[in-house]
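Beneath this line is the structure, given in structure tokens, with notes to follow.
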2 protein chains.
Amino acid sequence: MAEEQKKDSKQRIFDAAVSLFARKGFSAVGIREIAKTAHVNISMINYYFGEKVGILKAIIDECYDKYYRAIHDCGGEATLREECVQRIIKNLIAFFRENTEIAMVSFNTIPVDIPAVLEIKCRWVAEERTMTTPYFREFGLNTDDPIQMNFIRGLLTTIITEHFRCRYTWEHIVQRAGTSHVMKNYLEHDAEMKYDDHFYEQFAELLTKFYIHGVRGISHQLQSNEK
Amino acid sequence: MAEEQKKDSKQRIFDAAVSLFARKGFSAVGIREIAKTAHVNISMINYYFGEKVGILKAIIDECYDKYYRAIHDCGGEATLREECVQRIIKNLIAFFRENTEIAMVSFNTIPVDIPAVLEIKCRWVAEERTMTTPYFREFGLNTDDPIQMNFIRGLLTTIITEHFRCRYTWEHIVQRAGTSHVMKNYLEHDAEMKYDDHFYEQFAELLTKFYIHGVRGISHQLQSNEK
DNA sequence: TCCTCAATCAAACGTTTGTTCGAGGTAATA
DNA sequence: TATTACCTCGAACAAACGTTTGATTGAGGA
């Protein structure tokens, strides 16, 4: 039946745009390239998404929706705090593994000059803020200290995001290997890293230990300062 | 005299491009906009930098040059390890404070589809790798464990970079306040944060404590695992 | 049979893109 | 004075940009 292409046009446009935006950035991709990749007529893009940034808005919306569902589920208030951290970390890693390209687009796109995107980001950031504050308080941090909060907020997401940013870039470099001596040298150095389940189990364990010990370090410091 | 005029135009182009690229991203900025901002004729850009990406290459080159000078100076091998970490953190913060926009451009630009940029990045990453490995070994980490190295490498830079990324975006949002209710709400929430010397002293102290405790956490875990 | 309507298409719209070119200007050197 | 080398400029180029248009298709309801 050749139904592999039976995905409707809108979804194909969406998927093609995600992949291209992730690799090149929003402004570097033209709608003709998207249409070509999605095997769709150019006008279909404006038909379904209104304008080019309409696709971007759709991508970011979907991304943040999934993202907040990931960090929202940390096992209820009954669980131990260490388990809560571990749960969030595992959820975040799972989220990024399943939505790598969408996340790359959403977190890499500079929002300042695209007002529509800026609003979406602001809304989500404000939401995260109110959502996560109780957790930090429970962890013994002083949530009224703006500097401490500025430091600790989003730290987990930052670390995990950067890992996937590096991994994504890296895997695209590997695909283009052979064109440059410098890159060949770089490739040889850490051979082939397998980003499989085992890797991410280890990674989650490391990050959990690191984060918990780190937070203890600064919350302990706080107590001794205020004593 | 003639030489100063030359440096004037070239430097003005460079500065204008840095500012615009940082705000909008490389592809979203046209050379006419750069020329206009720099008060310079369009053809001056190709005259001095050959092509548009020539500016980008110059920016990234200068950025990584300063960046590596920053992390290279950590007080010699005689200093205590804690002091070494603190020194690197302070250097990195100083670097980012003095070169915010250059760093935003260099670290935000997606290199995958701009081969010239990709090579520069690869070269620098490989260089950092060989430079920093001894430090991690000295810290009690198992530098032969690829997962642990994958986790710990570049972590300090990641955290500090993300702070400045947020700050930079934030400050541009503030400039555009008043156009949106969502953004106004967001603005009210954490009022006006002063990113002054005092802030970064506190920030450096927090990060140092956090990092050292975190590293101890995972190196201790390693020992107990292998015992 | 007629009508509706969402989906799709080729073609063209007017701008804007990065780049090139040659003519002019200026100041120091020969 | 003539020559040289370095800057600067306006104009022009083909290509690509995002968007719009009007026509065509085909399935579904009346």
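Protein chains get the first letters and strands the later ones, always in sequence-line order, with residue 1 at the start of each.
- Every residue was checked against the side chain to side chain contact (heavy atoms under 4.5 Å, CB included) condition with B:His39, not counting sequence neighbours, and none meets it.
- A donor-acceptor contact closer than 3.5 angstrom links the side chains of A:Tyr67 and A:Thr157.
- Note that CZ of B:Phe21 is 11.0 Å distant from OG of B:Ser106, once rounded to the nearest 0.5 Å.
- One finds no salt bridge joining A:Glu127 and A:Arg123 here, because no Lys/Arg side-chain nitrogen approaches an Asp/Glu carboxylate oxygen to under 4.0 Å.
- Of the listed nucleotides (D:dT19, D:dT8, C:dT8), C:dT8 has the atom at the smallest distance from the side chain of A:Met44.
- A cation-pi arrangement is present between B:Lys10 and B:Phe49 under the rule of less than 6.0 angstrom and at most 45 degrees off the ring axis.
- Regarding B:Ile45, its CD1 atom lies at a distance of 12 Å from the C1' atom of C:dT17, rounded to whole Å.
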Between B:Phe107 and B:Phe164, is the ring pair (Phe, Tyr, Trp, His ring centres under 6.0 Å) condition met? List the steps.
CA-CA 11 Å; B:Phe107 294 151; B:Phe164 281 93; over 10 Å; no
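- Side chain of B:Lys66 to backbone of B:Ala103: no donor-acceptor contact under 3.5 angstrom is found.
- Rounded to an integer number of Å, the gap from B:Glu51 CD to C:dT20 P is 8 Å.
- Across the protein-nucleic acid pair, B:His39 atom NE2 and D:dC9 atom P stand 12 Å apart, rounded to whole Å.
- The interatomic distance linking B:Lys52 (NZ) with C:dT16 (P) rounds to 15 Å, in whole Å.
- Between the CG atom of B:Leu20 and the C1' atom of C:dT17 there is a distance of 16 Å, rounded to whole Å.
- Residues from residues 24-38 of chain B placing a heavy atom under 4.0 Å of any atom in DNA chain C, listed by number, are B:Val29, B:Gly30, B:Ile31, B:Arg32.
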Polar pairs (N or O, both sides) under 3.5 Å between protein and nucleotides 20-24 of chain D?
none

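- The CZ atom of A:Phe49 sits 12 Å away from the P atom of C:dT8 (whole-angstrom rounding).
- Distance, B:Tyr48 OH to C:dT19 C1': 18 Å, rounded to whole Å.
- Here D:dC7 presents its P atom at 4 Å from OH of B:Tyr47, a figure rounded to the nearest Å.
- Using a 4.0 Å cut-off between charged side-chain N and carboxylate O, A:Arg165 and A:Glu162 make a salt bridge.
- Every side chain to side chain contact (heavy atoms under 4.5 Å, CB included) that A:Gln86 has, sequence neighbours left out, goes to A:Lys90, A:Thr208.
- Side-chain atoms of B:Lys52 come within 3.5 Å of backbone atoms of B:Val29 as a donor-acceptor pair (strictly under, hydrogens ignored).
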For nucleotides 25-27 of chain D, tabulate all protein N/O to nucleotide N/O atom pairs closer than 3.5 Å, reporting atom names and distance.
none

So what's the dot-bracket for DNA chain D: Watson-Crick or G-U pairs under 3.5 Å, [ ] if a pair crosses, | if it pairs off-strand?
||||||||||||||||||||||||||||||
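- Atom CG of residue A:Asn41 and atom CG of residue A:Asn46 lie 10.5 Å apart, to the nearest 0.5 angstrom.
- In summary, the side chains of B:Tyr195 and B:His163 do not present any donor paired with an acceptor at a separation below 3.5 Å, with no hydrogens or angles considered.
- Between B:Asp65 and B:Arg69 a salt bridge is recorded (basic side-chain N to carboxylate O distance below 4.0 Å).
- At least one donor-acceptor pair under 3.5 Å links the side chain of B:Tyr68 to the backbone N or O of B:Trp124.
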